[in-house]
Structure formats: C-alpha cells, structure tokens
Amino acid sequence: MRFSKTFIPTLKEVPGDAVIPSHILMIRAGLTRMLSAGIYSFLPIGYKLIRKISDVIREEMNAIGGQEFHLPALNPKEIWEQTGRVEAFGDTLFHIKNRDYVLAPTHEEIMAFHAKGALKSYKELPQIWYQIQTKFRNEPRPRSGVIRGRQFLMKDAYSFDVDFDGLDKSYEAHDQAYRKIFVRCGLKYFIVGASSGAMGGSKSEEFMLKSDAGEDTVAYCSKCGYAANVEVASSIIEPIKREEKSKEIYEISTPNVKSIDELCEFLKINEIQCAKSRIYIHDNVPVLILMQGNEEVNENKLNSFLGGTVRPAHPDELKEITGADAGSIGPVGIKMRIIADLKLKDRNNLFSGANKNDYHIGGIDFTRDVKNIEYADLRFAQSGEKCGRCNSKLEVFKAIELGHIFKLGTKYSESLGVRYLDEHGQDHPIVMGSYGIGVERILACFIEQNYDEKGILWNEHLSPFDLHLVGLNLKNNETKNAAENIYKELTQKGYDILYDDRLDETAGVKFNDADLIGIPIQIIVGEKNLKEQSVEVKIRETGERIKIKLDELKNKIAELLKK
RNA sequence: CGGGGUGUAGCGUAGCCCGGUUAGCGCGCCUGCUUUGGGAGCAGGAGGUCGCAGGUUCAACUCCUGCCACCCCGACCA
C-alpha cells in the first residue's frame, strides 16, 4: 500500500484528551479518531488491525464448531422485558426515543429468540452460535480510549446444550479456543475465576491482562497461576505477636485527633499498633469492625462473612450508636457484635478510640479487654504476601478484562421458553453458555504491552503490514526506481507492504512515522547505500540496522519473517 | 451522580486573575525557490461563531449566571 495514497494521519504531538499509552498511540499513529466520548472511528490502518484480530477469533471459533451470525443492533424492547433485563441494565441500556426499540448491549436474548422453536430436538444440539458486532452501552463514564466505550466491538458466542454435562463440554471448548486466540494475538494474559454478576448463571472465568489502565485490581501468583480479584483474594500473612507484657488500659486526651495518621503523629506511635474502628449495619443491627490502622475494610469479604445486607453506618448514626463521631470509636466497653481482622488476633497494647470525642484508649489487650470478639479475614491482599495455594509471592495489580466465559444455565431459555424434546419426548429448557471477547480491547491491550518512547511495537503476532518500505529522497530517480522495484518484487512474493513513497517528506519525518506506526521490519532505500547496491533493514524493536546487498534482500526478509 | 480540571484555527497552546490594538505562538496546510540518512531553510499565503446562551459595560476571549462538551479521581460496570 502506498503511503501517499492512504489516509494515515499521524500526529507529532500528544492529543490533549488521551492519557494512557495505547490511546495516545492509536491516535498518533492514525489508527483511530474520537467522535465523541467513548465513541471511536477506526481509520484504514486501525480497521485493518481490527479485521486481523477478528479473523483470528473467527478461525478459532469456527474450529470448535461455531457458526457466525449477523444480528440486528436494533432490538424490540419487549424481548428484553421478558428476561427482566431492561430493568437489570437500567441506564446502561440505550433506548430509542421514537419507537420501542433498544440498542443491544449484548445478544443473549436475540440468540435465544432464534433458538426458540427452531432447535426443537435433542438431535439438533449442541450448537455454538456467535457474532462479531457492535454493542451499545450507555457507560456513565467512558475512559481509556477504546477500552471502555459506549459503542464497541464484541465477539459474543452462545452455546446451546441438552444438559449441564453438554454445557461443560461447550464451556471447555471455549476455554481452549480463548487461550488460543489470546496466544495467537501475542497477549500476556491470565485467568481469573469470577462471579458472573448481572448476567445470571453460575461458573465463569475472566481472561485478563495486567495494565495500569485496568478497572479491576487482582492478586496474581506467577508461580502457580492463582489469580483472584482483591475483593475475594486471600493471602497468607505473618501473624503479629503479642508484646510480652500487657500494659494497663488507660485513657488519653487527644483533642482534634480524627484520623489514624493524626493519632500516630500525636502519640508518636506506629499505625500497626492502632485498631481502626468501622461501624457497619448488618440487617439493621450495628456491628463494630476492627482493622489494623494501616488497612481498610474489604466490604466484599465482610459481606460474605456476615451474609444478609451490610452497609457502612451513616455519620449521623455513629454518635447515636457509639456516643462518639468517626475517629473516636473503639471496642472497649461497647455493647455490640465485634469482629476484628485476623491481623489483630489476640493482640495487646493496642490503641483505639474511647467512644468519647477527643479521647483514645491505650494498652488495649483484646484477650483481656474485649470479650466475645470474633475474628475473620477482612483485609485486602497485598503485593509481597504469600500465595495461599503455593506459598510463593503474590503480586497485586490493575488488570483489564479481555474476555469472559460463563455458564448461563437455563435463565434465558426458561424466561423465553427455549425448549427441546429429549429422546423420550420429554420437554426441557435448553442449557446455555455465553462467551464474550472485546475486540478493540485486544488491540488496545496489545499496544499497552508493546510500545516504546518512539511508538508502537508490532510483532509477528499482530501488525498492520509485514514490511515498511521507506523510500528516502524519491526525487532522485535511481532511489525511486530501486524502491519501486523492491516494492513490486516483494509484493509479488506475497508480502504485505506499507511503502512510504511520499515525495516531499524529509527523511526524518519518514523515519519517525515508521517508528511511530511500528511495523516490525523497515527497509530503508537511500542514495548512500544504493551506491554500494545495498539497502538497510531496520528492526524496529531493537533499533538494529543491517546493511543488505540488493540481491540478498529477498532471502534476508524471508529469514526475518520466518521466525 | 459527587469532587477536580479544561474548552481559543486541523493539532498543541499563550492571552483571562487585573475588560480597551488587527487574538499571539509552535506544528500542520497552500504557493514558489532551495533542500532530502533522523521531525529542513527562505519568501509569500489561507485558515478563528475565542464551547453555547443570556447578562453587566461605552467596550467582553477576559467579569457574572445558566447550559453543553471533553479529561482526571471516585461511585457504577457485560
């Protein structure tokens, strides 16, 4: 493809709205342009990459028997009402104003609608149906470029089976296909078991990728592969030992001390010696939660420990319940259920609030002064702590969700009446699975993992072109002829080439654009080397430049691209 | 939805606090000449509802009010 005839609007400067590397580079390298918040246009090179990624997905989906559909984005609202998801999605669902349609945020309903009455016999099952299409979600806050948009491309697949054993097989097939897809796209991913949230259903796995632009925080063990959202992740921690001698309990006047930081500063103590108090309301009953001073309550863990409904107490409730405001609450003498994090188990000589504003208590011994105290794991796992499974070190970091597979079960087939007859003529709901991949996310995440200060670093897994041919001063006829010949010959050999044939751009501009766009191999044709019948081959990632005789170029390229 | 920030030419920005030239600069773009191995030089040129609406004023990019858009943090999140 000739650069001079292709729309590749590269940008020298960082666009004001972009913050994360992939977003900046996708705009600077001319892959995408923003139309509105969370709505992006893909320009020719960007769209070419989207097609390449889609093709990988398509191949792996077809390999497990998937059949590709093309479904409407415009859906009758009625179908979504039948499954209760108009309400479930709430404001996230886009509604059409002048007709009772919604813009599909996903396609369980529509696939199930087509399956209904069409898949009637056990003989027709199982089926895997998928599509690669645009979804619409009215995200309250789009961010990170293409990573969370209001309109985005998703591959979503649905499996239809006679029973849960069949579903297990379909699920397993997708699991394997997904691994292949992400490996083929060159992504360093990991898998997190997760709850399936608003989608309904039981088992699920998320395919995730480490990134500062991520929206989830996960704990990951690179040794055994344990990965879990920090909301549920557990870790092995070293217990903190009791001090040898328990001091007497004593009250301290602490005027205007509200936070743990202020308390530590005021008393010249370490936050590890503090028991931080939080009041939660559990099924309308207050509970005191105690955390070590430097840690926060993991409300998710608290929730699953207590069951029922749990919420933090409002500031105005605190005084009524404890007699003090936040910052002066503590376990000594308080009459309610008390649960402390395991890090505080049986500790002594602790500091906490006195349940009296502007006073704290020191010398607290949980075994002596706080009767009926319960202990539970209520903290967030942190980097460096030991993995609960294999004892090596956990890492905690932000991650982006690339794909999600889950066992839906019969939620949609029940509510929409998607049923089949078994060999005895008995009728059953079809058992479904649902499997999604964010297509643009693959592109953005690849860039998040492969860039340097000059631009993107495509590789053998993913690249818009095989080769970037840079013709320097093309007003020089010899150079032009040589470049044109190389372009012709290598194209005939089957290579996909971006040929920078721009007449007026200087060498520097072309070099920088080539580095920005980031095709792995550059062939540079210039007067200097042509005098020796040579051109230069530059490896984008390493910056290595190799001088090659013209007649050896084809072999060298073949060798480089074979890897 | 809460907190913070920004909106000036295709892109990046100065000016605004403290109202008063023709709204300035860099990049990009157009024309000509020179240049061509790491974002070229000279000369000339085009391009602006200063986010929108209202208000104050002799006078508004600048002050006030409302709205909108975009970004960041949080809440939310298949």
Side-chain angles (χ1 to χ4, degrees), chain A residues 9-20 23-24 27-28 30 33-39 85 88-93 104-109 135-145 147-150 152-158 194-201 204 206-207 212-216 229 231 299 312 400-406 408 434-438 441 454-455 470-480 483 500 502-516 522-531 534-536 538 543 545 547:
Chain A
T10 58
L11 252 37
K12 198 188 292 191
E13 280 167 296
V14 174
D17 287 347
V19 175
I20 66 165
H23 189 194
I24 292 170
I27 295 173
R28 284 195 57 214
R33 282 283 165 98
M34 185 173 88
L35 180 63
S36 175
I39 306 177
R85 289 221 289 177
F89 269 104
D91 197 43
T92 303
L93 187 66
T106 170
H107 278 84
E108 279 80 5
E109 276 78 359
K135 312 285 167 182
F136 300 86
R137 287 185 198 174
N138 185 22
E139 293 294 343
R141 189 185 152 205
R143 68 183 90 181
S144 305
I147 288 172
R148 178 168 289 277
R150 295 212 166 107
F152 55 98
L153 257 188
M154 178 157 113
K155 186 287 302 181
D156 51 329
Y158 306 92
S195 63
S196 47
M199 299 300 288
S204 81
E206 289 175 297
F207 291 75
D212 289 335
E215 296 172 294
D216 299 294
N229 196 299
E231 313 236 298
E299 294 187 4
I400 297 173
E401 184 184 339
L402 282 170
H404 199 164
I405 58 177
F406 31 80
L408 282 181
S434 167
Y435 317 89
I437 291 180
R441 280 189 181 185
K454 303 225 78 174
V470 180
L472 299 181
N473 182 11
L474 294 176
K475 285 176 181 164
N476 175 314
N477 275 330
E478 278 175 47
T479 313
K480 182 177 164 79
D500 194 340
R502 289 175 295 177
L503 213 53
D504 294 321
E505 295 299 348
T506 59
V509 170
K510 293 181 182 177
F511 287 139
N512 282 304
D513 272 351
D515 288 348
L516 174 61
Q522 300 171 12
I523 302 169
I524 297 153
V525 184
E527 260 172 283
K528 204 173 77 187
N529 285 321
L530 275 178
K531 283 186 183 135
S534 297
V535 294
E536 193 172 278
K538 178 178 158 185
R545 298 142 177 271
K547 207 163 147 184

Should B:C29 form a Watson-Crick or G-U wobble pair with both distances under 3.5 Å, which nucleotide is its partner?
B:G45
Inter-nucleotide P distance (B:A60, B:U21), Å rounded
12 Å
Say you pick atom C1' in B:A9 and the same atom in B:G26; how far apart are they, in whole Å?
13 Å
Base, sugar-phosphate, or nothing for A:K475, non-hydrogen atoms under 4.0 angstrom?
base
N/O (side chain, A:T506) to phosphate O (OP1/OP2, B:A40) under 4.0 Å
yes
Euclidean distance for P, B:C18 against B:U31 (whole angstrom):
47 Å
Roughly how far apart, to the nearest Å, are B:G15 and B:G24 at atom C1'?
8 Å
Kindly indicate whether the side chain of A:E13 and the base of B:G26 share any N or O donor-acceptor pair separated by less than 3.5 Å?
yes
Indicate, with a heavy-atom threshold strictly under 4.0 Å, whether A:R441 touches base, sugar-phosphate, or nothing.
nothing
Hey, does A:D515 reach any base, or is it just sugar-phosphate, or nothing, if we go heavy atoms under 4.0 Å?
base
Do A:P312 and A:E299 make a side-chain contact, defined as non-hydrogen atoms from C-beta onward lying under 4.5 Å apart?
yes
Kindly say if A:R148 contacts the phosphate of B:C76, meaning a side-chain N or O under 4.0 Å from OP1 or OP2.
no
Does A:E527 contact B:G37 through a side-chain donor or acceptor facing the base, at a distance under 3.5 Å?
no
Validation row: A:F511, A:L472 side chains within 4.5 angstrom (heavy atoms)
yes
Would you indicate what A:N476 reaches in the nucleic acid, counting non-hydrogen atoms under 4.0 angstrom: base, sugar-phosphate, or nothing?
nothing
Taking all atoms of both residues into account, what is the closest heavy-atom pair of A:T106 and A:M154, and its distance?
OG1-CE, 4.1 Å
When the C1' atoms of B:C52 and B:U6 are considered, how many whole Å apart are they?
16 Å
Paired nucleotide for B:C52 [Watson-Crick or G-U wobble; both distances under 3.5 Å]
B:G66
Taking all heavy atoms of A:H107 and all of A:Y158, pick out the closest pair and write down the distance.
N-OH, 3.0 Å
Partner nucleotide of B:G74 by Watson-Crick or wobble geometry (both distances under 3.5 Å):
B:C1
Would you mind pulling out the nucleotide paired to B:U57, Watson-Crick or G-U wobble, both distances under 3.5 Å?
none
Just checking A:E536: base, sugar-phosphate only, or nothing, at a heavy-atom cut-off of under 4.0 Å?
base
Touch check for A:T92, heavy atoms < 4.0 angstrom, all strands: base, sugar-phosphate only, or nothing?
nothing
Partner of B:C16 under the Watson-Crick or G-U wobble criteria, both distances under 3.5 Å, comes out as none
Is there a donor and acceptor pair, one atom on the side chain of A:N473 and one on the base of B:G37, closer than 3.5 Å?
no
Using a 4.0 Å heavy-atom cut-off, does A:D504 contact any base of the nucleic acid, only the sugar-phosphate backbone, or nothing at all?
nothing
Check A:V535 against A:V525 and note the closest heavy-atom contact, atom names and distance.
CG1-CG2, 3.9 Å
So what does A:G526 touch, heavy atoms closer than 4.0 Å: a base, only the sugar-phosphate, or nothing?
base
Does atom CD (A:E478) have a neighbourhood of more than 12 heavy atoms from anything else shown, all under 6.0 Å?
no
Give A:N512 one of three labels, base, sugar-phosphate or nothing, depending on what nucleic acid heavy atoms sit under 4.0 Å from its own.
base
